**Q** 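Let me begin by handing over the structure; questions about it come next.
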Amino acid sequence: MKYENCENIRERLLLLISSEYESDAAFERACGLAEKTVNNWRRGRSSSFMKMLPFLAEKFHMTVSELLDLPLSKTPSELSDEELRLLRLYRKSRTLPKERRAALAATLESVITLYLSCEPTKKKD
């Protein structure tokens with residue numbers, strides 16, 4: 001894997017750790033990692049996180065593709081452009097604290113439900 005890709009993954013992972021855990025030590029305890037593991041990641045002394053991607057993705061309740069921020073694939077039978085746009089936005093919200101992300105998801109669900117309830121039903125011809 002190219003160095004730039006590894007750096008992007010490291011930065012994304014560290015951002016997730018900072019946004020979802022009160023400290024690196026809290027994350028290390030939650031994952032059963034040795035003390036100073038995340039500190040070594042932050043300083044670029046270790047890239048051991050690369051071997052742990054499935055475990056880390058599970059820890060953040062996402063897929064490895066989401067953790068790696070891979071582009072969403074699209075085939076004709078899959079998602080529309082609008083659905084892909086919403087999924088990309090949702091993925092960006094991973095950096096928000098859990099409570100704010102949950103509030104955002106609840107707001108979106110409420111707004112969509114409201115719009116659907118106000119939409120007139122179509123008559124069948």
Side-chain angles (χ1 to χ4, degrees):
M1 180 173 279
K2 291 183 180 178
Y3 175 76
E4 301 86 32
N5 293 341
C6 187
E7 276 301 297
N8 290 341
I9 295 166
R10 182 181 71 85
E11 289 174 14
R12 180 158 169 71
L13 177 60
L14 294 173
L15 184 61
L16 285 166
I17 292 169
S18 295
S19 69
E20 297 205 19
Y21 289 85
E22 63 186 39
S23 67
D24 291 350
F27 175 76
E28 290 163 344
R29 282 190 302 275
C31 294
L33 299 173
E35 189 177 318
K36 302 290 183 190
T37 298
V38 177
N39 188 346
N40 288 330
W41 295 348
R42 287 192 188 283
R43 294 175 181 260
R45 293 181 183 158
S46 171
S47 59
S48 60
F49 57 87
M50 294 298 289
K51 296 176 186 175
M52 304 170 58
L53 292 176
F55 171 78
L56 295 170
E58 185 178 319
K59 208 62 171 157
F60 289 107
H61 309 289
M62 59 175 63
T63 65
V64 173
S65 294
E66 287 176 305
L67 180 62
L68 298 177
D69 201 21
L70 294 176
L72 295 166
S73 63
K74 181 179 181 254
T75 63
S77 64
E78 285 185 26
L79 305 171
S80 70
D81 289 339
E82 289 178 32
E83 290 169 321
L84 286 168
R85 186 173 61 82
L86 287 172
L87 280 172
R88 284 186 195 102
L89 287 170
Y90 181 75
R91 282 186 174 182
K92 286 181 181 180
S93 76
R94 283 279 181 196
T95 59
L96 294 173
K98 289 179 186 178
E99 300 79 25
R100 291 184 64 200
R101 191 162 191 255
L104 178 65
T107 301
L108 179 60
E109 185 176 1
S110 296
V111 168
I112 289 172
T113 301
L114 177 64
Y115 271 82
L116 290 174
S117 69
C118 295
E119 190 68 22
T121 57
K122 294 181 180 180
K123 293 180 182 178
K124 290 188 176 185
D125 293 329

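This is a predicted model, so every value here is computed, not measured. Excluded from the calculations below are hydrogen atoms, water molecules and symmetry mates; all remaining heavy atoms, backbone and side chain alike, are included.
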**Q** Classify the side-chain pair R43/N39 by whether it contains a donor and acceptor separated by less than 3.5 Å.
**A**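 Side-chain D/A pair, R43 to N39: present.
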**Q** Is the CD atom of E11 crowded by more than 12 outside heavy atoms at less than 6.0 Å?
**A**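 More than 12 heavy atoms, drawn from other residues, nucleotides or ligands, come within 6.0 Å of this atom.
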**Q** Using the side chain to side chain contact (heavy atoms under 4.5 Å, CB included) rule, take S47 and R10 through it: C-alpha gap first, then chi angles, then the decisive distance, then the call.
**A** CA-CA 8 Å; S47 59; R10 182 181 71 85; over 6 Å; no
**Q** Do W41 and L15 sit in the same hydrophobic cluster, where Ile, Leu, Val, Met, Phe, Trp and Tyr count as joined when their side-chain heavy atoms come under 4.5 Å apart?
**A**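 Each belongs to a different hydrophobic cluster.
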**Q** What side-chain hydrogen bond (donor to acceptor under 3.5 Å, both in side chains) pairs are there with at least one residue in residues 24-35, not counting sequence neighbours?
**A**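 Only D24-R42 qualify under side-chain hydrogen bond (donor to acceptor under 3.5 Å, both in side chains).
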**Q** Same hydrophobic cluster for F55 and M50, using side-chain heavy-atom links shorter than 4.5 Å among ILVMFWY?
**A**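 In one cluster: yes.
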**Q** State, yes or no, whether a side-chain contact exists between L89 and R85 at a heavy-atom distance under 4.5 Å.
**A**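 A side-chain contact exists here, since the closest heavy-atom pair is under 4.5 Å.
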**Q** Nearest 0.5 Å, what's the CZ-NZ distance between R45 and K36?
**A**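 Reported to 0.5 Å precision, the distance equals 9.5 Å.
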**Q** Using the side-chain contact (heavy atoms from CB on, under 4.5 Å) definition, which of the options L56, L53, L14 pairs with I9?
**A**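 Among L56, L53, L14, the one that satisfies the side-chain contact (heavy atoms from CB on, under 4.5 Å) with I9 is L53.
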**Q** Scan for ring pair (Phe, Tyr, Trp, His ring centres under 6.0 Å) pairs involving residues 92-113, sequence neighbours excluded, and state none if there are none.
**A**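 Qualifying pairs, neighbours excluded: none.
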**Q** For a 4.5 angstrom cut-off between non-hydrogen side-chain atoms, does F49 reach L67?
**A**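 In short, these two side chains do not touch, never coming nearer than 4.5 Å.
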**Q** Just verifying a value: how many Å separate N8 CG and L13 CG, rounded to the nearest 0.5 Å?
**A**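 Going from CG on N8 over to CG on L13, the span is 12.5 Å.
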**Q** Between atom CZ of R100 and atom OG1 of T107, what is the distance when rounded to the nearest 0.5 Å?
**A**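 The distance works out to 11.5 Å.
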**Q** Please round to the nearest 0.5 Å and tell me the distance separating atom OG1 of T37 and atom CE of M52.
**A**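 One finds 7.5 Å between OG1 of T37 and CE of M52.
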**Q** Using every non-hydrogen atom in the two residues, find where A30 and K59 come nearest and quote the distance to one decimal.
**A**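 What the structure gives for the nearest pair is O-NZ, 3.0 Å.
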**Q** Between F27 and Y21, how do the two ring planes meet: parallel, tilted or perpendicular, split at 30° and 60°?
**A**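 Because their plane-to-plane angle is over 60°, the rings of F27 and Y21 count as perpendicular.
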**Q** Go through the steps to decide whether Y90 and L108 satisfy the test side chain to side chain contact (heavy atoms under 4.5 Å, CB included), and finish with yes or no.
**A** CA-CA 10 Å; Y90 181 75; L108 179 60; over 6 Å; no
